Amino acid sequence: MSDNLENFRSATIAVLVENEAGVLARVIGLFSGRGYNIESLTVAPVDEDRRLSRITVVTSGTGMVIEQIKAQLDRLVPVHKVSDLSLAGPHLVRELALIKVVGSGEHRVEALRLADAFRARVVDATTESFVFEMTGNADKIDAFCNLMRPIGLKEVSRTGAVAIVRGSSALTV
Amino acid sequence: MSATSQHAATQPLTMSGAEVVLRALKEQGVEVIFGYPGGAVLPIYDAIFQQNAIRHILVRHEQAAVHAAEGYARSTGKVGCVLVTSGPGATNAVTGLLDALMDSIPLVCLTGQVPTHLIGNDAFQEADTTGITRPATKHNYLVKRSADLARVVHEAFHVARSGRPGPVVIDLPKDILINKAPYTEAPPAAQPHRSYRPVTSPDMAQVRKAVAMMKQAKRPVIYAGGGVINSGPEAARLLSDFAHLTGFPVTNTLMGLGAFPSQDPQFIGMLGMHGTYEANLVMHGCDVMLNMGARFDDRVTGNLAFFSPGSKKIHADIDPSSINKNVKVEVPIVGDAGQILAAMIQVWKEDSQPPMREALAEWWRQIDLWRGKNCLQYVQQGKIIKPQHAVKRLYEITRESGRETFITTEVGQHQMWAAQYFGFEKPNRWMTSGGLGTMGYGLPAAMGVQIAHPDALVIDIAGEASILMNIQEMATLCQYRLPVKVFILNNEYMGMVRQWQELLHGGRYSESYSEALPDFVKLAESFHGVGLRATEESQLDDVIREMLATDRPVIADIAVAKDENCFPMIPSGAAHNEMILGPGQEGGVAGVTDEGKVLV
Ligand SMILES: Cc1cc2nc3c(=O)[nH]c(=O)nc-3n(C[C@H](O)[C@H](O)[C@H](O)COP(=O)(O)OP(=O)(O)OC[C@H]3O[C@@H](n4cnc5c(N)ncnc54)[C@H](O)[C@@H]3O)c2cc1C
Ligand SMILES: Cc1ncc(C[n+]2csc(CCOP(=O)(O)OP(=O)(O)O)c2C)c(N)n1
Ligand SMILES: [Mg+2]
């Protein structure tokens, strides 16, 4: 491939699909079968009568590979639309994380202080643990987890990114 | 609720799911199904028994059913249809499905499935057929509701034949076949599918850009592939028109043979690993390349780093994922080959800019020098039959006969010699497994071709190893009196493997000798066919003539030189201008690096 590694980039791709059996397997199979990266993938129905699902996939590759990924997604029969948000202009990316921290004494105080700084909410607490909820981009959640690690980080559950373009333009069928 | 479904909901249902399936097939124009029965599909077999509109051809292995449907589809332009049972029936079909996917052949394959309430229970002959076939099909369906059945069958045919054609599987649980189901007619062609809408008409701005580029070309080439054949005979006609209008040289891929007449003076032969010297040097040295319905396959490009380094490239393809996949191009055009060619012809004629006539004449002088190398020459001396000579005589004698001729092949050296020495003047006359390279393809494919063209001459050019992979289909040929001719170039080796071992692995012929071969003459006879044999050059023509004159299935066992190699050859990892020519002809370098050996 006459593409060099300087073109390597990350891409956030939104895919509108028919909400039918097997559609997620088709998308995931495409990535594994063709050796594309998946950094995260989220999916849920997004319309009133639950006929449409929106998949958000964060991937990376050379410009040529990312174009290939979009073309391969677009030719799947149940796929309506494919949009590369990284190219579509300013867009919002959010991820939800639930983060469990276990500890006592000074560590608990420090955990709450950090959570406050990161605008993480306490959604569960016992005498030796907290569960924090936070939303943000992946970097923010990474940073929070890194700070929590020495203080007693025990478990993390993350959704992967969802994303949407700013302004009035919309991805619909 | 729409009017039709309301109607369906209130009317008492009279047809079983199996009957609905058959009626939908009929509405879709199916005349023949290639299949093999089993428990899960007995309801469909029962429905087949009670009607006459659709003919069922009983194969002897499900893989062969799929290849037969491929031969049928490729030679007619229609969708081929297959019916197999659940579990082993479906898994046996997988190779054929992937073969059809790689070569863009339209098929619909019905597979039986255990009843819906047993799915997931490891029931008898249960397989996750949609899971297994997902990467081997263009699309697949599992029908879980009777109300969806007719719609799914219609949609499957639409998906199989439109856009870039390909195989579609419909998995049919037994209860869905037995229960009553509503029938709905196919939606009108004008009504678009909810999500699947392939683009067929090109962006005219891109066409104009391409034509402007071609008008400036001093050393152009048209590289035409299987997409022209997929588009239909009209596209092949337009390709000739466009070539004659422009005066450009034309090369075809293995899958494109017949898209441009081999006898046309502007034809420079097949390109790629075993392509002609002139075609590959034209590709290497051109300044403007028009790729029409081909996919820059690795067998064609050789080492991408050195592929046609000085050219601007135009790529016309119906599948956007084919474009910029292997080779970056300056002008992509998404659409149907026929429509794009028609648009190009129109724009070329309207555009007042004259083409580079002088430069083109100079280019042709260069091409004629390369042609003068006569890269396909061979020496037929003495008694031993050269495989190239056997194909050449087969070609000449069938041409003299004036009969409509269709050629299929197995996979190996014989396939390449068939591509090099048999000429095709029309599309849909050449059926070969290009993308997957499936040994065992040719005999069942020939069967499918002969079903579609009962009076034509259908010949499978075979190797002695490949033919054994679906030899059981001789029984099918004899049952249906299909006079297919199997022309075996018997070199007692898996010749293509032997050739690579000779050139790349120090002549260590590991497991590539065809030990313990059957007596092919007796084998043919045991299937109630006719066996013929030629062991010396003097017998060759007589055997071919007798084969052509026999109105029954024939196996002609042609003993050919055992150690012949197929040239020209671009070794793996090499560039087009580094091809190896046959003995006595100097060519490029023959050294293959480890990096090259890694490639297949
Ligand atoms: C042993 C062996 C050796 C081989 N050696 C060679 C060789 O030397 N040379 C060679 O050429 N091949 C060779 N092949 C075959 C090779 O592997 C590929 O199958 C072949 O080159 C692909 O042909 P193609 O590019 O025409 O594409 P196809 O596989 O025919 O694909 C068709 C392309 O056209 C597009 N298309 C489909 N329908 C339309 C339409 N209506 N309009 C426009 N576009 C359309 C498709 O999207 C696709 O991109 C060999 C195979 C084997 C088994
Ligand atoms: C199903 C399958 N298995 C293995 C191969 C690898 N392969 C390619 S060519 C070949 C040898 C074919 O031998 P033969 O049919 O005698 O043809 P020849 O090359 O001798 O003309 C083999 C084993 C293949 N293409 N298909
Ligand atoms: Mg052989």
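Heavy atoms only: backbone and side chains are in, while hydrogens, waters and symmetry mates are out. Chain identifiers are assigned alphabetically (A, B, ...) following the order of the sequence lines, protein sequences preceding nucleic acid strands; residue numbering begins at 1 within each chain. Predicted model, so just to flag it, every value in this text is computed and none were measured.
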List the atom pairs, donor and acceptor, that lie under 3.5 Å between side-chain atoms in residues 95-107 of chain A and the rest of the protein, sequence neighbours left out.
| residue | atom | partner | partner atom | Å |
| --- | --- | --- | --- | --- |
| A/E95 | OE1 | A/R158 | NH2 | 3.3 |
| A/E95 | OE2 | A/R158 | NE | 2.9 |
| A/E95 | OE2 | A/G160 | N | 3.3 |

Item to complete: Under the side chain to side chain donor-acceptor pair (under 3.5 Å) rule, what do B/T111 and B/D171 come out as? Steps first, then yes or no, please.
Response: CA-CA 5 Å; B/T111 56; B/D171 203 23; 2.7 Å; yes
Worksheet item: By a 4.5 Å heavy-atom criterion (distance strictly below it), what part of B/L142 contacts chain A: side chain, backbone, both, or neither?
Response: neither
Discussion item. Given heavy-atom pairs under 4.5 angstrom as the criterion, report whether the side chain, backbone, both or neither of B/D319 touches chain A.
Written reply: side chain
Worksheet item: What option among A/K70, A/Q68, A/K81 has the most heavy-atom pairs under 4.5 Å with chain B?
Response: A/Q68
Discussion item. Using heavy-atom distances under 4.5 Å, tell me whether A/V77 contacts chain B through its side chain, its backbone, both, or neither.
Written reply: both
Fill in: Side chain / backbone / both / neither for A/E18 at chain B, heavy atoms under 4.5 Å
side chain
Fill in: NZ/NE/NH1/NH2 to OD/OE distance under 4.0 Å, A/D49 and A/R51
no
Fill in: N-O pairing of A/D116 and A/R113 below 4.0 Å
no
Item to complete: Determine whether the aromatic ring centres of B/H576 and B/F306 lie less than 6.0 Å apart.
Response: no
Discussion item. Only heavy atoms, only distances under 4.5 angstrom. Which residues in residues 189-198 of chain B are near chain A?
Written reply: B/H193, B/R194, B/S195, B/Y196
For residues 162-173 of chain A, run the donor-acceptor check on the side chains, cut-off 3.5 Å, and write out each pair with its distance to 0.1 Å, sequence neighbours left out.
none

Discussion item. Here's one to test your reading of the geometry: is the NZ or CZ of A/R121 within 45 degrees of the ring axis of A/F132 and under 6.0 Å from its centre?
Written reply: no
Practice prompt. Quick one: list whatever passes ring pair (Phe, Tyr, Trp, His ring centres under 6.0 Å) with A/Y36, sequence neighbours left out.
Written response: A/F31
